Number of protein chains: 2
Amino acid sequence: MPRKKSTVTIQDVAAAAGVSVSTVSRVLNNKDDVAEDTYENIQRVINELGYTSSLAAKSMRSRQTNVIGLVVTDLNQSFCLNVVKGVNQAIEQLDYDLLVYTGGGSGNRTWAVRERQYVSLLNGSITDGIIVVTPTAETFSTHYPLVAVDPHLDSTDFPAVIATNRIGALSAMEHLLGLGHRRIGFIGGRPDLQSAIRRLEGYKDSLRQANLPLDPDLIQIGDFTQETGYRCAQNLLALPEPPTAIFAANDKSAFGAIEAIIDAGLSVPGDISIVGFDNIEESSYIYGGLTTVDQFIVDMGRVAVDMLITLIQNKPIENYVYRMPTRLRVRNTCQAFVPKIPYTPDRL
Amino acid sequence: MPRKKSTVTIQDVAAAAGVSVSTVSRVLNNKDDVAEDTYENIQRVINELGYTSSLAAKSMRSRQTNVIGLVVTDLNQSFCLNVVKGVNQAIEQLDYDLLVYTGGGSGNRTWAVRERQYVSLLNGSITDGIIVVTPTAETFSTHYPLVAVDPHLDSTDFPAVIATNRIGALSAMEHLLGLGHRRIGFIGGRPDLQSAIRRLEGYKDSLRQANLPLDPDLIQIGDFTQETGYRCAQNLLALPEPPTAIFAANDKSAFGAIEAIIDAGLSVPGDISIVGFDNIEESSYIYGGLTTVDQFIVDMGRVAVDMLITLIQNKPIENYVYRMPTRLRVRNTCQAFVPKIPYTPDRL
DNA sequence: CGTTACTTCGGTATCGTTACCGGAAACAAT
DNA sequence: ATTGTTTCCGGTAACGATACCGAAGTAACG
């Protein structure tokens with residue numbers, strides 16, 4: 001089934017302008033060795049014919065496309081989405097275009113396979129460099145410019161932008177402990193993610209530093225979605241001695257937790273305080289404002305672009321791994337803990 | 001500054017396997033005239049070398065890439081974002097990959113120019129077909145498969161997916177009128193968008209049908225952002241006789257309006273009822289749930305993919321313009337209007 | 001006027017891949 | 001033994017663009 005191929009090529013432009021393709025190519029690439037009037041004439045013809053050059057052909061020959069690629073697992077995750085936004089913002093300032101490659105969820109191919117495929121697909125083909133968000137692949141061939149955002153491994157095989165997850169978790173816990181909470185639940189994320197692991201570490205370290213016991217029942221592991229956040233919180237509430245505060249390892253989980261708490265007839269922060277992690281857009285206004293750890297996701301995207309451009313230009317890179325600072329944003333889901341009447345097994 | 005180009009090509013595979021490039025190409029494209037053992041041998045070599053074919057070269061030659069392109073103005077707009085999600089979901093089921101082209105905000109080039117550029121860029125180069133979200137361009141050369149989502153013009157030059165904006169607005173107004181509201185404010189969107197125009201029409205038509213006066217002061221035009229929603233609502237509240245209900249032409253505006261109302265010391269829906277339009281994700285839980293008109297954005301993306309695939313396969317298309325139905329989702333931002341003491345200029 | 005230098009442009013090779021044609025076996029049929 | 005008929009595979013020509021080389025033409029110089 002042959003497609004009608006009626007795109008206008010550089011040949012057509014050359015013919016219409018009465019010059020060679022070489023000359024047209026020079027005009028397209030703003031080379032300076034072309035006469036003023038021929039330049040303008042060719043430009044006019046280009047506009048008349050509505051010609052735009054084929055990215056495929058260009059990139060094949062010249063290896064300089066001024067396009068950067070972004071490989072992202074799932075746009076439905078707010079983390080990925082915000083990185084995309086940041087990258088987008090940074091790209092706007094530059095003379096680059098952005099191509100986002102997304103594989104969606106789980107098809108028949110596993111993501112690790114698809115990811116490598118996509119990277120190869122974009123590279124050596126179309127883009128000058130690639131940013132990969134939450135990559136699972138163990139190794140990339142480092143022959144081309146590539147920056148990873150929040151990689152699953154702590155390896156430094158490739159340049160990366162990583163949030164200071166452990167320190168962020170520490171600051172969240174510090175806040176809750178400072179408010180007098182002693183029994184603090186944790187809702188974690190997918191254990192295959194480096195970020196989830198580091199936040200859990202922060203939770204544990206914080207308790208250790210405060211000389212508080214580590215109750216495994218208080219640690220519930222979800223998958224960073226609102227649904228699992230809801231269920232994890234239910235589990236915590238069902239405990240014989242439920243926590244007075246919950247630290248959720250991401251904002252979506254925190255939303256789910258708040259929902260569960262409200263559905264259980266309790267209030268936030270009246271009965272239970274909540275701290276999230278991420279500071280996604282909704283967190284500023286939802287439920288009156290979620291207290292959360294800002295990891296500046298959008299800025300992570302920006303930094304990634306900066307690093308990538310540096311790599312593309314073959315300039316030396318100062319920080320091979322950029323650690324994005326985190327900051328606690330205090331809003332309205334936390335309250336000082338007021339001790340109640342001690343729990344007695346048989347109350348009269 | 002020459003880039004290290006060390007990607008493995010089909011030539012390398014052929015050499016390593018001791019066959020011709022033609023044979024390797026046949027294996028890659030699953031042609032059936034290859035002997036069993038050579039097939040397997042080549043596959044083995046491909047895996048060993050970690051070869052993946054160059055999208056650029058492939059598409060240049062064969063015009064069949066199994067990639068569909070998505071050109072989107074701004075991922076920061078929730079409408080666009082949700083369409084992307086829908087497209088993403090639909091793509092997952094198919095043997096296609098998705099390439100999102102986004103131009104970000106306003107660079108030195110205007111969007112109309114960039115848009116046409118992107119379409120040309122992707123087409124004839126890389127993708128088998130394109131979906132364009134909220135396109136501004138007047139005309140696309142219709143030589144290649146293209147589907148528009150929510151085009152600015154009502155033209156039928158190309159296949160499109162459009163929400164039933166006027167009818168949706170009608171249903172929102174019907175709801176408010178049914179609750180007894182007679183003075184209803186309207187917060188509109190960018191007047192260059194077809195969808196914004198149609199929703200405003202619905203607002204006006206509804207008032208006309210109900211034999212209510214059309215007060216121009218009650219119509220405030222923003223740009224579909226939360227910020228302008230806020231300011232528009234402030235304008236409405238500052239009116240000598242403020243409305244008892246507000247119909248915002250999209251959910252983000254509605255959020256802004258609610259914020260403004262709360263900041264003014266009033267409550268929703270206690271003092272003022274709010275209806276939005278879109279039903280984006282946040283609307284289900286924000287402020288206890290926003291009453292809004294669902295336009296099934298995600299499904300619009302899905303439908304667009306279906307149409308595009310049909311076009312690519314050269315099959316006949318039944319509905320050139322698909323009109324997505326809308327449905328009012330009643331949540332918790334509306335209340336029956338209870339008449340208060342009539343307003344008197346000089347109260348004692 | 002001859003030589004040199006610079007500007008401006010055309011021709012050709014090439015990027016990595018697939019479409020197409022045709023050829024060499026292998027096998028079957030007469 | 002000759003003649004089809006498969007089956008499998010290699011060679012070659014594109015696809016659309018840019019890099020490179022070199023050739024005209026013009027200007028400048030001694």
Side-chain angles (χ1 to χ4, degrees), chain A residues 1-42 46 49 51-67 120-126 128 144, chain B residues 1-42 46 49 51-67 120-126 128 144:
Chain A
M1 214 156 287
R3 194 91 53 72
K4 223 186 308 178
K5 71 163 233 9
S6 52
T7 58
V8 38
T9 73
I10 196 173
Q11 323 266 0
D12 304 328
V13 175
V19 294
S20 74
V21 288
S22 310
T23 308
V24 179
S25 176
R26 271 185 284 263
V27 170
L28 290 173
N29 295 60
N30 280 317
K31 296 292 172 64
D32 51 358
D33 53 346
V34 70
E36 189 76 18
D37 48 351
T38 33
Y39 183 92
E40 277 167 15
N41 182 38
I42 291 174
I46 286 176
L49 271 58
Y51 165 80
T52 53
S53 72
S54 154
L55 179 58
K58 186 209 300 263
S59 74
M60 185 155 102
R61 193 65 186 88
S62 78
R63 294 249 178 278
Q64 171 81 337
T65 59
N66 272 29
V67 172
S120 306
L121 201 54
L122 288 177
N123 166 73
S125 295
I126 289 169
D128 291 347
Y144 46 85
Chain B
M1 216 155 287
R3 193 93 53 72
K4 223 186 308 178
K5 71 161 231 11
S6 52
T7 57
V8 38
T9 74
I10 197 174
Q11 322 264 0
D12 303 328
V13 175
V19 294
S20 73
V21 288
S22 309
T23 308
V24 179
S25 176
R26 269 185 283 263
V27 170
L28 289 173
N29 295 62
N30 281 317
K31 298 291 171 66
D32 50 0
D33 53 347
V34 174
E36 189 76 19
D37 48 350
T38 34
Y39 183 91
E40 278 168 12
N41 182 36
I42 291 173
I46 287 175
L49 269 59
Y51 164 81
T52 53
S53 71
S54 154
L55 178 58
K58 186 209 302 264
S59 74
M60 184 155 99
R61 193 65 187 89
S62 78
R63 293 246 180 283
Q64 171 80 336
T65 59
N66 271 29
V67 172
S120 307
L121 200 56
L122 289 178
N123 166 73
S125 294
I126 289 168
D128 291 347
Y144 47 85

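Just so it is clear, the values below take in all heavy atoms, side chains as well, and ignore hydrogens, waters and symmetry mates. Chain A is the first sequence line, chain B the second, and so forth, proteins listed ahead of strands; every chain is numbered from 1. The structure presented is a predicted model; accordingly, all values stated were derived computationally and were not measured.
The CG atom of B:L28 sits 11 Å away from the P atom of C:dA19 (whole-angstrom rounding). Here C:dA13 presents its C1' atom at 13 Å from CE of A:M60, a figure rounded to the nearest Å. For the pair B:I10 CD1 and C:dC15 C1', the computed distance is 14 Å after rounding to whole Å. Whole-Å rounding puts the A:Q11 CD to D:dA14 P distance at 12 Å. One atom, CZ of B:R61, and another, P of C:dT17, lie 13 Å apart when rounded to the nearest Å. We find that CD1 of B:I46 is positioned 14 Å from C1' of C:dG16, with the value rounded to whole Å. The CD1-C1' distance, from B:I42 to D:dG10, rounds to 12 Å in whole Å. For the pair A:N66 CG and D:dT18 P, the computed distance is 12 Å after rounding to whole Å.
To the nearest 0.5 Å, atoms OG (A:S53) and CG (A:N29) are separated by 8.0 Å. The distance from the CD1 atom of B:I126 to the CD1 atom of A:I126 is 3.5 Å, given to the nearest 0.5 Å. Between atom CD1 of residue B:I46 and atom CG of residue B:D12 there is a gap of 12.0 Å, rounded to the nearest 0.5 Å.
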B:Y39 vs B:T23, test: side chain to side chain contact (heavy atoms under 4.5 Å, CB included). Steps then yes/no.
CA-CA 9 Å; B:Y39 183 91; B:T23 308; over 6 Å; no
Just do the side chain to side chain contact (heavy atoms under 4.5 Å, CB included) check on B:S54 and B:K58 with the steps written out, would you?
CA-CA 6 Å; B:S54 154; B:K58 186 209 302 264; over 6 Å; no
Go through it in stages, so that I can follow the logic: the residues are A:I10 and A:L28, the test is side chain to side chain contact (heavy atoms under 4.5 Å, CB included), and I'd like the CA-CA distance, side-chain angles, deciding distance and then a yes or no.
CA-CA 10 Å; A:I10 196 173; A:L28 290 173; 3.9 Å; yes
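Using a 4.5 Å heavy-atom cutoff, the side chains of A:E40 and A:I42 are not in contact.
Using a 4.0 Å heavy-atom distance criterion, A:Y39 is classed as making no nucleic acid contact.
DNA chain D lies under 4.0 Å from at least one heavy atom of each of the following residues of residues 29-38 of chain B: B:D33, B:V34, B:A35, B:T38. Proximity of residues 14-27 of chain B to DNA chain D (heavy atom under 4.0 angstrom from any strand atom) is restricted to B:V19, B:S20, B:S22, B:T23, B:R26.
Between B:V8 and B:Y51, the shortest heavy-atom distance links the atoms O-CD1, 3.1 Å. Between A:T65 and A:S59, the shortest heavy-atom contact is CG2-CB, 3.1 Å.
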